[in-house]
Amino acid sequence: MNQDENKEGIGGMANPTRYGIERVAYWLMRLSGLGLLAYFVAHIYETSNILRGQVGWDELMEMTSTTEGHAILAIVIGMCVFHTVNGVRVMLGHGGVGVGKPARPDYPYVSASQNYRHKIGIYSAIVLAAFAMMYGLAVMFGE
Amino acid sequence: MAQVSSIADEQTSTPLSSSKSITLRISRYNPKHDDSSIFMEFTVPYEKWTTVLDTILEVKKYFDHSVAVRYSCRQASCGSCGMMINGKPRLACFTKISELNSNVITVEPMKNFPIIRDLAVKFERLFDSHHKIKPYLIRDDTELESDAKEFLQTPKEVEQYIQFANCIKCGLCNSACPTMATDSSFVGPQALAQAYRYVADSRDKGKDSRLKIIDESHGIWRCHFAGSCSQVCPKGVDPAMGIQLLRGYLLGFRS
Amino acid sequence: MRESTIMKIHYGTAIAAVALVAVHILMRLTQGFAESLEYESVLANYKFVPYAIMLELILILLSIHGFNGLRVVLLELKQGRIYEKAVSYGCLAAMIGLIAYGSRTIIVTNMGMI
């Protein structure tokens with residue numbers, strides 16, 4: 001934190017509490033985005049093992065087809081689904097869709113942009129991610 | 001280091017029938033000679049109508065008059081008394097003690113604003129950002145003709161921007177914004193909302209120049225619709241709505 | 001490049017990648033998860049030209065989207081002319097590097113040069 005500017009710093013950016021579900025969604029979007037990027041780089045690297053033929057590929061499968069590997073993949077599935085569904089919601093919001101219409105404000109000044117449409121979108125993203133994770137775990141551990 | 005002080009019975013301005021009191025923790029910091037802030041605690045009585053600003057002024061009156069705090073209208077019109085109250089940016093005059101549901105009230109200077117002293121912060125960055133987006137009507141006509149009348153607007157045209165004109169420049173939105181927490185160059189929700197206020201005004205012809213100003217790497221694109229600005233705005237400006245509507249112009253959703 | 005153009009690309013790559021990644025994941029599920037990951041099965045996928053093209057597209061789209069996202073996160077964390085240029089060009093280089101590395105895998109495998 002820069003003391004001169006009194007910025008909250010990463011702690012402020014990373015703290016998802018205090019401001020409602022929309023702030024939580026922002027935080028999860030960041031986390032899932034960075035997590036997915038890390039997985040993507042690792043995935044490109046690990047799948048390049050195919051160039052080492054059957055031996056290389058089997059080694060890779062041995063390393064990844066473990067309980068830990070499946071657990072990581074399940075988390076990746078959850079991150080992917082959340083990032084996608086919430087991403088669509090955010091993109092629509094960025095275009096001004098579903099953020100409400102300007103109107104003369106009256107006390108108690110409820111913000112039209114923090115409406116049920118976007119809240120439902122966020123909760124849907126979380127629920128769908130959970131279902132996708134459960135399905136993924138069922139497929140991976142069910143075999 | 002904290003000191004706990006109680007008000008002397010004969011000095012309080014609050015009737016003694018009030019048996020309720022809270023502990024007010026005030027952040028004290030003078031950048032000129034302090035390395036870091038400390039909290040000083042004061043026990044202050046309150047009634048159901050007592051605001052945080054009232055308690056701070058009680059402290060100034062009876063305990064420590066050196067507490068630096070900015071305030072003016074005491075009715076959420078001027079935007080002077082913005083501060084962090086129990087971790088959230090609020091106007092001290094507009095926040096009742098009773099609504100906080102806590103026996104301990106912590107007040108700190110607003111985040112993302114440089115501190116002058118204690119609870120008073122500098123607003124230069126907010127004013128600079130606001131000035132950057134050209135907060136005035138831009139017209140094509142260079143001279144007004146002698147028989148020119150006022151620029152007429154229908155009530156519907158006024159409704160397009162009036163809520164954003166309610167902005168009192170309190171800075172709570174900039175304090176709550178997660179991007180402002182780390183990005184020193186970000187324009188901020190206050191300036192972006194004001195940019196929309198003028199773009200949406202039917203009298204204004206400066207849309208293209210304003211869109212050009214905010215279309216930069218630390219402009220409108222660093223807003224991620226976290227909505228914290230709208231959560232804390234005390235005047236119903238809803239900056240998040242303004243910013244997304246403004247972005248709609250850049251993305252082609254609106255023309 | 002203007003920031004609005006970069007962000008339009010960011011959104012466009014996201015939408016396009018969603019559809020293609022869905023196909024990629026469905027391929028693992030329709031065959032049976034474990035069977036679809038066997039060497040011969042994966043090799044057959046790479047040798048099937050439309051699928052190889054789809055993988056290449058996913059690689060390009062997600063590299064652009066992912067590294068632009070990283071660029072945005074890093075730019076918000078710290079500011080300064082030199083730092084910002086380093087982040088922008090660094091992310092661009094990483095993007096190109098990953099695309100090149102992944103493309104090598106796809107092309108070499110598709111052409112049967114293993």
Side-chain angles (χ1 to χ4, degrees), chain A residues 1-33 83 86-119 121-122, chain B residues 31 35-36 86-88 109-115 121-122 125 155 158-164 166 175-184 196 200 221 223-254:
Chain A
M1 186 187 84
N2 184 330
Q3 182 64 27
D4 284 342
E5 293 180 28
N6 191 31
K7 287 195 296 199
E8 269 194 292
I10 289 183
M13 185 182 78
N15 184 355
T17 62
R18 299 170 295 166
Y19 297 111
I21 193 68
E22 291 85 359
R23 184 69 172 248
V24 175
Y26 159 84
W27 176 74
L28 286 174
M29 199 68 177
R30 287 242 143 158
L31 272 185
S32 61
H83 198 84
N86 192 52
V88 171
R89 175 198 73 89
V90 165
M91 271 198 274
L92 288 172
H94 281 186
V97 175
V99 297
K101 284 188 170 34
R104 200 171 286 271
D106 269 320
Y107 187 82
Y109 303 135
V110 176
S111 302
S113 65
Q114 313 299 294
N115 57 48
Y116 70 92
R117 285 181 223 98
H118 281 276
K119 288 192 202 296
I122 295 168
Chain B
D35 291 326
S36 61
N86 282 5
K88 215 169 152 176
M110 272 200 296
K111 297 289 181 199
N112 310 332
F113 287 80
I115 302 172
V121 295
K122 293 181 191 171
R125 185 178 160 195
V158 172
E159 265 208 17
Q160 295 304 306
Y161 71 88
I162 194 70
Q163 78 174 68
F164 307 105
N166 269 12
S175 190
C177 177
T179 305
M180 294 287 279
T182 51
D183 191 341
S184 303
Y196 184 71
W221 301 104
C223 166
H224 304 288
F225 197 16
S228 305
C229 50
S230 294
Q231 296 272 351
V232 301
C233 179
K235 302 302 287 185
V237 173
D238 200 352
M241 182 207 284
I243 296 168
Q244 310 325 312
L245 291 176
L246 188 60
R247 206 189 320 236
Y249 285 108
L250 287 165
L251 285 173
F253 279 71
R254 294 157 73 92

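Quick note on labels: first sequence line is chain A, next is B, and so on, each numbered from 1.
- Two residues are said to be in side-chain contact when any heavy atoms from C-beta on lie closer than 4.5 Å; A/Ser111 and B/Met241 fail this criterion.
- Heavy-atom minimum distance, B/Leu245 versus A/Pro102: CD1-CG, 3.9 Å.
- When side chains are defined from C-beta on, A/Arg104 does not count as touching B/Asn166, because their heavy atoms never get closer than 4.5 Å.
- At distances below 3.5 Å, not a single donor-acceptor pair connects side-chain atoms of B/Glu159 with backbone N or O atoms of A/Ala103.
- Contact count against chain A (heavy-atom pairs under 4.5 Å) is highest for B/Pro178 among B/Ser230, B/Gly252, B/Pro178.
- With a threshold of 4.5 angstrom between heavy atoms, B/Phe225 approaches chain A through its backbone and through its side chain.
- Contact of B/Lys235 with chain A is made through backbone and side chain together, with heavy-atom distances under 4.5 Å.
- B/Lys88 NZ: more than 12 foreign heavy atoms inside a 6.0 Å radius.
- Heavy-atom pairs under 4.5 Å with chain A peak, among B/Val158, B/Val237, B/Asp238, at B/Asp238.
- Both the backbone and the side chain of A/Ala112 come within contact range of chain B, judged by heavy atoms closer than 4.5 Å.
- At least one donor-acceptor pair under 3.5 Å links the side chain of B/Gln231 to the backbone N or O of A/Tyr19.
- The candidate from B/Ser228, B/Gly248, B/Ala200, B/Gly227 with the greatest count of non-hydrogen atom pairs under 4.5 Å with chain A is B/Ser228.
- The nearest pair of heavy atoms linking B/Thr182 to A/Ile10 is CG2-N, 3.6 Å.
- Atom NE2 of B/His224 and atom CD of A/Glu22 lie 15.5 Å apart (nearest 0.5 Å).
- For A/Val24, no part lies under 4.5 angstrom from a heavy atom of chain B.
- Only the side chain of B/Val232 comes within less than 4.5 Å of a heavy atom of chain A; its backbone N, CA, C and O stay farther away.
- In this structure, chain A has no heavy atom under 4.5 Å from any part of B/Cys233.
- Interface remark: B/Pro234 contributes backbone atoms only to the contact with chain A (heavy atom separation under 4.5 Å).
- Per-residue counts of heavy-atom pairs under 4.5 Å with chain B were compared for A/His118, A/Lys101, A/Gln114; the largest is that of A/Gln114.
- For the residue pair A/Arg18 and B/Gly87, the shortest heavy atom distance occurs at NH1-O, 3.1 Å.
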Going through the distances and angles, do A/Ser113 and B/Gln244 end up as a side chain to side chain contact (heavy atoms under 4.5 Å, CB included)?
-> CA-CA 9 Å; A/Ser113 65; B/Gln244 310 325 312; over 6 Å; no

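- Residue contact with chain A, scored on non-hydrogen atoms closer than 4.5 Å, involves the side chain of B/Phe164 exclusively.
- For a residue to count as touching a neighbouring chain, one of its non-hydrogen atoms must lie under 4.5 Å from one of that chain's; by this rule B/Ala176 touches chain A with backbone and side chain alike.
- The distance from the CZ atom of B/Arg247 to the NE2 atom of A/His94 is 3.5 Å, given to the nearest 0.5 Å.
- The heavy-atom pair separating B/Ala181 from A/Lys7 by the smallest distance is O-CB, 3.3 Å.
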